[in-house]
Amino acid sequence: MSAAEPEACALSSSSLDVKEKCQYYGNSSSDPPTEPHPDMDMFCCHSVQDSLLSSDSRFTNYRGILNWIIILLILTHAHLFLDNFIQHGFLIDLRKVLEHLMEDHYNWPSVNLILAANMFAIAALLLERCLDKGTLSPSAGHCLHLGNLGLLTLFPAVIILYDTSISTGGAYFSLWTYTVLGLKLYSYQETNSWYRQGSVPSPGTDKCVLHETKKHIEHLPIKDLYYFLLAPTLCYQRNFPFTPRVRINVLCKTLIEMVVLTQIIVGVVQQWIEPIFQRSENSFSNMDITTRVEHLMELVAPNHFLWLMFSFLFSHSYLNFCAELLCFGDRHFYGDWWNAKTLKCFWGNWNIPLHKWRYRHLYTPLLKKRVSQKQADLLVFLMSAALCEYVIALPLHSCRLWIFFMMIFELLVDVYLGDYFKGNYGNGLVWLCFLLGPPLAMMTYFHDHYMSHHGQHPPGLSVAECLS
């Protein structure tokens with residue numbers, strides 16, 4: 001049944017009530033019933049009912065208005081694209097991006113840095129095998145694991161800060177790789193610790209579970225570790241769910257999506273965002289308040305489109321491509337964050353793998369240590385905000401804490417305004433914070449990095465050249 005059919009049924013039922021009330025129109029109660037008048041509808045055509053857009057109305061089918069808004073947005077932004085093309089011409093050039101990512105033709109520091117990450121993975125595997133054999137005590141093994149993770153965190157930071165030959169793009173790929181690896185290795189060592197604790201028989205423990213756990217921890221194959229490191233998940237477990245086979249059509253579909261979306265993202269950066277950067281004369285920290293607001297408003301629309309496309313590219317196309325290639329069964333990578341009515345719901349549905357890791361390895365252990373739920377939520381959120389600041393600011397050699405404070409501001413908005421904005425109003429507040437929140441703060445980092453390298457730039461200089 002379509003959305004309009006229940007309303008049509010309601011209207012027809014109300015008209016029947018009118019007919020029943022009006023079919024004996026003109027007859028007194030003492031008169032015997034007669035046949036309905038052939039023009040009965042002309043006698044009574046009114047009933048008690050609310051206007052569709054009033055607060056008391058139960059009408060909810062606004063699909064036509066949504067279509068109108070979409071068409072209006074398309075026409076409005078088509079005008080912006082046309083005006084941009086008339087003023088600046090065609091600026092998209094994929095060769096500049098490739099030249100920027102290639103770094104030096106004979107020395108690729110970012111590639112070497114990523115390959116060096118295998119040392120930390122092998123170290124974690126060797127520590128787990130020693131713990132399994134009993135040559136290391138649990139406390140000593142835990143300390144060595146934390147030391148390995150600490151070196152994993154410091155090593156890329158030092159290289160990125162002091163190696164001038166590494167490009168900004170290479171620094172980002174390297175740092176994101178190390179960040180994901182650190183989260184995975186922490187889950188790997190902690191989950192294996194749980195398995196070892198579960199191998200000790202306790203009353204009521206299933207013998208089959210004990211046998212499978214013992215079989216797993218006796219081997220700890222390197223293939224198992226690297227499958228986990230390549231799988232689109234941050235949480236380790238003994239047996240991952242698998243799909244029966246690799247579907248070539250799904251691989252081709254997601255690959256085409258990645259290629260097309262990458263080209264669109266490059267086009268938005270070079271054709272739309274780059275001219276806004278070139279019109280700037282100072283960094284955001286040196287602008288007066290009026291100029292700062294003007295530039296932020298200019299960047300809202302392209303930055304928002306950029307983040308939506310990047311989110312689809314990474315959370316849907318790339319992760320599904322990896323999952324299909326590895327036959328990984330759990331593909332719940334994101335929830336319906338666009339329908340979130342609170343910021344907390346938005347944060348929980350935006351990135352499901354990261355949300356699972358935080359809940360499994362941070363939130364739940366804090367609760368077991370008798371930390372209150374509010375304090376645990378706050379600590380987990382502060383960790384997430386610091387992580388976002390770290391992975392965005394470090395490759396740009398700039399730490400102004402704008403992203404961190406913007407996320408703290410969103411937390412305050414959720415705490416103090418969440419009770420007043422509910423339902424559709426809450427969803428509107430979520431979208432407003434997404435438009436003007438951390439993604440826009442991240443764009444200001446790139447703007448200031450661009451200005452610090454080429455404050456006085458010749459016309460036609462590209463963002464890729466400025467970031468190299």
Side-chain angles (χ1 to χ4, degrees), residues 2-4 7 51-54 57 59-94 97 253 256-280 290-317 334 336-341 346 349-350 421 423-444 446-447 450 459-460 462-463:
S2 63
E7 294 147 10
S51 299
L52 292 183
L53 299 181
S54 65
S57 175
F59 182 77
T60 58
N61 185 16
Y62 297 102
R63 181 64 189 179
I65 296 178
L66 178 62
N67 292 336
W68 166 67
I69 293 174
I70 292 174
I71 293 173
L72 187 62
L73 285 174
I74 292 175
L75 293 177
T76 303
H77 287 88
H79 168 71
L80 292 176
F81 283 122
L82 181 61
D83 184 63
N84 177 279
F85 182 76
I86 293 174
Q87 289 185 11
H88 306 287
F90 189 75
L91 302 176
I92 301 174
D93 189 356
L94 293 176
V97 180
K253 176 178 176 293
I256 293 173
E257 288 175 353
M258 288 191 290
V259 172
V260 173
L261 284 173
T262 302
Q263 292 179 344
I264 295 176
I265 289 174
V266 171
V268 170
V269 171
Q270 293 182 337
Q271 188 71 40
W272 199 347
I273 296 178
E274 180 177 348
I276 299 176
F277 282 6
Q278 291 181 350
R279 288 197 298 270
S280 302
T290 305
T291 308
R292 188 181 302 175
V293 172
E294 178 187 359
H295 276 76
L296 285 175
M297 291 300 102
E298 284 183 317
L299 288 170
V300 166
N303 180 69
H304 184 61
F305 288 140
L306 192 68
W307 273 94
L308 288 178
M309 289 184 292
F310 179 78
S311 174
F312 187 88
L313 171 65
F314 178 77
S315 300
H316 182 80
S317 301
Y334 54 89
D336 58 336
W337 54 264
W338 50 87
N339 291 326
K341 294 179 173 58
F346 171 80
N349 286 291
W350 173 260
F421 290 85
N424 291 331
Y425 298 104
N427 183 253
L429 182 64
V430 169
W431 277 106
L432 183 63
C433 291
F434 182 62
L435 282 166
L436 304 178
L440 192 59
M442 294 178 190
M443 184 57 66
T444 62
F446 290 102
H447 175 275
Y450 175 88
S462 69
V463 174

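Values in this document were obtained by computation on a predicted structure and should not be read as measured data.
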Within this structure, what is the [atom1]-[atom2] distance for the pair [X] and [Y], rounded to the nearest 0.5 Å?
{"X": "I273", "Y": "E298", "atom1": "CD1", "atom2": "CD", "value": "12.0 Å"}
{"X": "L73", "Y": "W68", "atom1": "CG", "atom2": "CH2", "value": "9.5 Å"}
{"X": "L313", "Y": "I264", "atom1": "CG", "atom2": "CD1", "value": "10.0 Å"}
{"X": "I265", "Y": "W307", "atom1": "CD1", "atom2": "CH2", "value": "10.5 Å"}

For [X] and [Y], take the angle between the two ring planes, folded into 0 to 90°, and tell me which bin it lands in: parallel under 30, tilted 30 to 60, perpendicular over 60.
{"X": "W431", "Y": "H304", "answer": "perpendicular"}
{"X": "F346", "Y": "W350", "answer": "tilted"}
{"X": "H447", "Y": "F277", "answer": "perpendicular"}
{"X": "F305", "Y": "W272", "answer": "tilted"}

Inset, instruction - List the steps, then state whether side chain to side chain contact (heavy atoms under 4.5 Å, CB included) holds for L436 with M297. - result: CA-CA 9 Å; L436 304 178; M297 291 300 102; 4.1 Å; yes

Legend entry - Sub-4.5 Å side-chain heavy-atom contact between L440 and L435: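 No, their side chains stay 4.5 Å or more apart.
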
Inset, instruction - For residues M443 and L306, determine if any side-chain heavy atom of one lies less than 4.5 Å from a side-chain heavy atom of the other. - result: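 Side-chain contact under 4.5 Å: yes.
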
Inset, instruction - Please report the C-alpha distance between L308 and F434 in whole Å, then the side-chain angles of each, then the deciding distance to 0.1 Å, and finally whether the side chain to side chain contact (heavy atoms under 4.5 Å, CB included) criterion is met. - result: CA-CA 10 Å; L308 288 178; F434 182 62; 3.8 Å; yes

Legend entry - More than 12 heavy atoms of other groups within 6.0 Å of N424 CG: no

Legend entry - Backbone N/O of F312 and side chain of S315: donor-acceptor pair under 3.5 Å: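 No, S315 side chain to F312 backbone: no donor-acceptor pair under 3.5 Å.
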
Legend entry - Donor-acceptor under 3.5 Å (N427 side chain, A340 main chain): yes

Inset, instruction - For a side-chain contact (heavy atoms from CB on, under 4.5 Å) with I69, tell me which candidate from N67, L72, I65, I71 qualifies. - result: I65

Inset, instruction - Please step through side chain to side chain contact (heavy atoms under 4.5 Å, CB included) for the pair M309 and V268, ending with a clear verdict. - result: CA-CA 10 Å; M309 289 184 292; V268 170; 3.6 Å; yes

Legend entry - Atom of S317, atom of L261 and distance for their closest heavy-atom approach: OG-CD1, 4.1 Å

